[in-house]
Amino acid sequence: MTDTAVAIAADVRAGRRRALDIVEEHLARIDSREHEIHAFNLVLAERARAAAAEIDRRVAAGDDPGPLAGVPVALKDNLCTRGVVTTAGSRMLAEYVPPYDAAVVARLESAGAVIVGKTNCDEFAMGSSTENSAFGPTRNPWALDRTPGGSSGGSAAAVAARLVPLALGSDTGGSIRQPAGFCGVVGFKPSYGRVSRYGLIAFASSLDQIGPFATTVTDAALAMDVIAGHDPRDSTASRVVPPPFVRTLVEAAGNLRGVRIGVPWGLLTEGVERDVMRAFETALDVVRDRGAAIVEIALPHSVHAIPVYYIIATAEASSNLARYDGVRYGFRAADARTLAEMYDRTRGAGFGREVKRRIMLGTYVLSAGYYDAYYLKAQQVRTLIRRDYDAALAGVDVIAMPTSPTAAFRLGERIEDPVQMYLSDVFTVSANLTGLPAVTVPCGLTADRLPVGLQFTGRALDDADVLRVADAFGRVTSWSSERPAMAPSSTSH
Ligand code: GLN
C-alpha cells in the first residue's frame, strides 16, 4: 500500500482504509517534522479530523465522497479559506479571515479532500525562496540549510517530506515549478485560464495560475481532474472543457513513440550548474531511448524574459496591492492623525521589503513618461516571446528545459541580492508570459544529493499532453521515488 493520493482515495472509497486513520497518520508526521521544516503557517488538525470522520460516515452509509476521498491536502496560504486565516505570508493579512472559499478549495472539498493546513510562502507570492514570508522561512527537507525555493516553498516542502500527498500552490513566474524542482516533487502550472483564480490573493493577474504539487504525475493529474474547469467568477477562466487528465495518462501508458521534444540549446549555454546540465542531458537520453525525437528549437526572445516578467509582474502587483489601504482589509496602523498618515503607516508597517520594492518598481514602470519605455515595451516583447513559442510548438509537441539553472541554494545566500534571486526564474517565467502549461518532474540528484527538475512546456490548453510526456518520463525513471532522509519510507502500514 502506498501513500499516493490515488492509492489513498481508492482505499477510502472502497472502505479498505479509514480517512480518519489517514489524517491521523499525516498529522503525526507533521507533528514530528514541522518544527524543523516550517512548511505550514497553520495546521488545521481538528477541522481535518472532523472532515475525515464525515468522509468515513459517508462511505459507511454507501455514499461515494469523490475522487479525492480522504486525501490530505495542504493549501498555499494565498488561497482563501472561509473562516480560516489566510495571510499570503504577509503581516498585512496576518489576521485576515476570508468570508469565502477560493473556487479550488470548494472543488477539492466537494471531491472528498481533507484540508490539513495552510502552507508558508513568500509575501504575496513574491520571491523564489520563501524567505520573504513575514512568518520566517521554510527549510528544504533535503537539506535544512537550503531554501525549498519559492514562492510556494511550504507546499513543495510539505509534499517532499511526505507530510501530505498533495498540495496546491500558485505560479506567477515559477512559484510552483521552481520549488517543486528544488524539493524533488512534481509541480504543474496549468494553462492560463484552465483553473479558476477566484479566491486566489492576486499578485499579477495576467500571469497567476493555481496548480498542484504531488509525488507522482498521476496524482497531479488527479488533482487537475478536480480543480480544472470553467468558473463564471473568474472572467479569464477558459470555457474549453478540460481533458480527462488521469484517463489521458492511463491510455497513453507511458508511450513516447512519435513524440517530438524541442530543446532550446541556445538558451542553456550560460549559468546552468554542471550537475543540473548533466541530469538534463541524461533525461533527454532516456526519452530518446523510449522513442521520442529530440529536436533543436530557437526561442530568440526568451533572453529578455526576466526583465519583461519583472516589469509586467511588478506593474500588475502595484495595482493589485493598492487595495491594502488599512480600510477594507487586514492590518491598520494605529494612532494616525490623518487619512494619508494612516495609509502611509499601514503600508509602511504591513508590507515587507521585497513587496515594497516591487510596488515601487511597478509604479515607476507605469508612470507617465516611463510607461512607453518600460511597460508598453515589455508587453510588446511579451508578444514576441509568445510568437517564438507558438512557432516552436508548431513543430514539436513539448519543449524541454531544466526547471531552474541550479539546485536549491542556501538560506540567506541570495536574499541581499534581488537580481541573483530573480535569475533563478530564467527558465520558468516564459510559461507565465505565454500562458502555456508547464510541468516539472524530478530528473536527478546533484553530487550533494539535491534534486534536479526537468520541465516540459506544451501548447495552450494542451495540459494533458504535457502531463502525458512527464508521466512517461516518470514511469521509466525512479527519481520520483527518491525522497529526503527525513521522510517516512514508502509504505504507510
Ligand atoms: N519568483 C518569481 C517572483 O518572485 C515568481 C513568483 C511566483 O511565481 N509567484 O516573482
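Start at 1 and go down the list; that is how both ligands and their atoms are numbered.
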For this session: Return the option from Lys189, Gln209, Arg358, Lys76 holding the heavy atom at the smallest distance from atom 4 (O) of ligand 1.
Result: Arg358
For this session: Pull out every atom of ligand 1 sitting under 4.0 Å from any heavy atom of Tyr309, numbered as shown with elements.
Result: 2 (C), 3 (C), 5 (C), 6 (C), 10 (O)
Seminar exercise, completed: Candidates Cys121, Ser128, Gly173, Ala125; heavy atom nearest atom 1 (N) of ligand 1 found on Ser128
For this session: Just do the side-chain hydrogen bond (donor to acceptor under 3.5 Å, both in side chains) check on Thr236 and Arg197 with the steps written out, would you?
Result: CA-CA 8 Å; Thr236 62; Arg197 293 178 296 111; 2.8 Å; yes
For this session: Indicate, as side chain, backbone, both or neither, the part of Asp425 found under 4.0 angstrom from ligand 1 when only non-hydrogen atoms are considered.
Result: side chain
For this session: May I ask whether Gln178 places a heavy atom under 4.0 Å from ligand 1?
Result: no
For this session: Please check if the distance between the ring centroids of Tyr375 and Tyr370 is under 6.0 Å.
Result: no
Problem set entry | Lys/Arg N to Asp/Glu carboxylate O, Asp171 vs Arg177, below 4.0 Å | yes
Exercise. For Arg82, does the CZ atom have more than 12 heavy-atom neighbours from other residues, nucleotides or ligands under 6.0 Å away?
Worked result: no
For this session: Specify the protein heavy atom at minimum distance from atom 3 (C) of ligand 1: its residue, its atom name, and the distance to 0.1 Å.
Result: Tyr310 OH, 3.2 Å
Seminar exercise, completed: At under 4.0 Å between heavy atoms, what of Tyr422 touches ligand 1? The answer is neither
For this session: Going by heavy-atom distance to atom 9 (N) of ligand 1, choose the closest among Gly127, Ser175, Gly150, Pro418.
Result: Ser175
Exercise. Would you say ligand 1 has an N or O under 3.5 Å from any N or O of Gly174?
Worked result: yes
Exercise. What atoms in ligand 1 come closer than 4.0 Å to a heavy atom of Ser151?
Worked result: 9 (N)
Exercise. So, do Phe427 and Pro405 sit near enough that their side-chain heavy atoms are less than 4.5 Å apart?
Worked result: yes
Problem set entry | Sub-4.0 Å atoms of ligand 1 with respect to non-hydrogen atoms of Phe203 | 9 (N), 10 (O)
Exercise. Less than 4.0 Å between a side-chain N and a carboxylate O, is that true for Arg353 and Glu416?
Worked result: yes
Problem set entry | Enumerated ligand 1 atoms positioned under 4.0 Å from heavy atoms of Asp171 | 8 (O)
Exercise. Salt bridge between Glu34 and Arg29, side-chain N to carboxylate O under 4.0 Å?
Worked result: no
For this session: Mark yes when over 12 heavy atoms from residues, nucleotides or ligands other than Glu95 sit less than 6.0 Å from its CD; otherwise mark no.
Result: no
